[in-house]
Amino acid sequence: MPKQLPPWLFYDQAGSLLFERITELPEYYLTHIERELLAAHAGEMIAVAAGAHRLSLIELGAGSADKTRTLLAAALAHQGTVEYQPVDVSRTALEAACRRIECELPMVTANPVVADYTREWTAEDSGTGIGDRKLLLWIGSSIGNFEPAAAIALLRRINRTMRAKDGLLLGVDLTPRDGGKRTEDLVAAYDDSAGVTARFNRNILVRLNRELGADFNLDSFAHRAVWNVDQSRMEMHLESLAAQTVKLDALELTVEFEAGERLHTENSYKYKIDQAEALMNEAGFPVTRRWTDAEGWFAVLLGLKI
Ligand code: AVJ
């Protein structure tokens with residue numbers, strides 16, 4: 001059996017900070033392009049989602065919510081005050097995000113929820129008043145961590161707890177294509193020259209050492225980022241550079257690695273824009289608008305529940 005770990009394990013305090021540094025890397029184009037799309041079109045996104053109603057915003061995997069402020073500012077321009085519910089597994093990231101938002105945008109009321117949205121949380125818990133519309137934000141290409149079928153299942157589950165005309169704003173990273181993004185651009189985004197992504201990847205071992213009393217030797221695992229063309233996904237692995245035995249005391253577990261054996265830590269699925277649209281349609285959020293950069297590297301799509 002290939003060894004693997006779930007990517008939510010990345011986001012302890014150190015991992016959340018490392019991810020923030022990733023978003024500032026020149027190679028990590030995802031954040032830069034999405035931020036530009038939001039800056040250019042936030043007013044339109046909010047107007048289409050709101051119609052003649054008040055909008056409250058819910059964000060899955062909000063993290064530092066840095067890009068979200070553009071949307072919150074647009075919502076404030078639309079309606080004066082906004083309720084905002086960021087959902088994230090990282091309490092420290094959420095607390096920092098809410099402090100910053102309430103300072104910079106005092107007319108936003110933030111109700112953070114520390115939860116794993118893949119399990120216990122649903123949009124019903126968001127406490128929005130009758131008559132308001134909800135806009136669910138799933139930006140940053142977080143959807144990439146899920147197998148397409150699992151992403152659809154998750155969105156359908158949330159969709160069932162929402163009302164007609166509630167919306168989903170989805171940010172998706174697009175597949176390489178001729179004349180646009182090359183495979184090399186994709187690989188560079190996940191294997192940056194400053195080595196931040198490598199540290200982010202290895203931080204999962206630091207965490208297991210600390211929280212499960214494991215004895216991973218960080219120097220004997222190398223960061224690998226590979227494009228899996230058949231599955232249309234970037235993969236991150238930690239490759240064991242030698243045959244070695246690792247103990248995880250808290251689990252009373254011993255794990256053997258062969259030299260060259262890989263521990264799979266993350267998938268980041270990439271979509272063609274039409275595939276992303278089909279996925280939203282299947283999830284119950286038929287797409288009404290889509291925005292993309294001129295070269296088609298990244299897309300933001302808005303769908304409204306029927
Ligand atoms: C937060 C899941 C969108 O897959 O691009 C960044 C995480 N991993 N660099 C992504 C990540 C390596 C990121 N997501």
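We count ligands from 1, going down the list as the structure has it; atoms in each ligand are counted the same way. The residues of the chain are indexed from 1 along the displayed sequence.
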Participant: Does a sphere of radius 6.0 Å around CD in Gln13 hold more than 12 heavy atoms from other residues, nucleotides or ligands, not counting ones at 6.0 Å or beyond?
Facilitator: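 Result for CD/Gln13: open.
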
Participant: Heavy-atom contact under 4.0 Å between Tyr11 and ligand 1?
Facilitator: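 In this structure, Tyr11 qualifies as a contact of ligand 1 - some heavy atom is under 4.0 Å.
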
Participant: What do the steps show when you test Glu256 against Thr245 for side-chain hydrogen bond (donor to acceptor under 3.5 Å, both in side chains), and what is the final call?
Facilitator: CA-CA 5 Å; Glu256 306 279 352; Thr245 305; 3.0 Å; yes

Participant: At less than 4.0 angstrom from any non-hydrogen atom of Phe19, what atoms of ligand 1 do you find?
Facilitator: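 It comes down to these atoms of ligand 1: 1 (C), 6 (C), 7 (C), 13 (C).
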
Participant: Mark up the atoms of ligand 1 that fall under 4.0 Å of a heavy atom belonging to Met236, in ascending order.
Facilitator: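 With Met236 as reference, the close atoms of ligand 1 come out as 12 (C).
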
Participant: Could you check atom 3 (C) of ligand 1 against the protein and tell me its nearest heavy-atom contact, residue, atom and distance included?
Facilitator: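 Checking every protein heavy atom, the shortest distance to atom 3 (C) of ligand 1 gives Gly140 O, 3.0 Å.
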
Participant: Ring-plane angle category for Phe200 and Phe19, please: parallel below 30°, perpendicular beyond 60°, tilted otherwise.
Facilitator: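 Ring orientation of Phe200 relative to Phe19: tilted.
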
Participant: Between Phe146 and Trp138 (judged by ring centroids, cut-off 6.0 Å), do the two rings come close enough to count as a pair?
Facilitator: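 Centroid distance Phe146-Trp138: below 6.0 Å, so yes.
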
Participant: In the protein, what heavy atom is nearest to atom 8 (N) of ligand 1, and what distance, to one decimal place, separates them?
Facilitator: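 Residue, atom and distance for the closest contact: Glu266 OE1, 2.6 Å.
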
Participant: Is it the case that the side chain of Asp192 and the backbone of Thr197 share a donor-acceptor pair, with hydrogens and angles ignored and the cut-off at 3.5 Å?
Facilitator: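 Yes: the side chain of Asp192 pairs with the backbone of Thr197.
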
Participant: Among Asn267, Asp192, Asn145, which one has a heavy atom closest to atom 2 (C) of ligand 1?
Facilitator: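 Heavy atom nearest to atom 2 (C) of ligand 1 belongs to Asn145.
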
Participant: Quick check on Ser141 - does any of its heavy atoms sit under 4.0 Å from an atom of ligand 1?
Facilitator: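 Yes.
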
Participant: Step by step, would you call Asp173 with Lys270 a salt bridge (Lys or Arg N to Asp or Glu O under 4.0 Å)?
Facilitator: CA-CA 6 Å; Asp173 194 21; Lys270 310 298 171 185; 2.7 Å; yes

Participant: Please indicate whether any nitrogen or oxygen in Tyr190 is less than 3.5 Å from any nitrogen or oxygen in ligand 1.
Facilitator: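 Yes; at least one N/O pair falls below 3.5 Å.
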
Participant: Please state which protein non-hydrogen atom is closest to atom 4 (O) of ligand 1 and give its distance, to 0.1 Å?
Facilitator: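 Answer, as residue, atom name and distance: Ser268 OG, 2.5 Å.
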
Participant: Could you walk me through whether Arg224 and Asp191 pass salt bridge (Lys or Arg N to Asp or Glu O under 4.0 Å), step by step?
Facilitator: CA-CA 8 Å; Arg224 300 281 182 244; Asp191 192 6; over 6 Å; no

Participant: Atom 13 (C) of ligand 1: which protein heavy atom is closest, and how many Å away?
Facilitator: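 Its nearest protein heavy-atom neighbour is Tyr28 OH, 3.3 Å.
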
Participant: Does Phe10 have a non-hydrogen atom less than 4.0 Å from ligand 1?
Facilitator: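 No; Phe10 lies far enough from ligand 1 that no heavy-atom distance drops under 4.0 Å.
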
Participant: Rounded to the nearest 0.5 Å, how far does CG of Asn203 lie from CG of Leu205?
Facilitator: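 Output value for this atom pair is 8.5 Å.
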
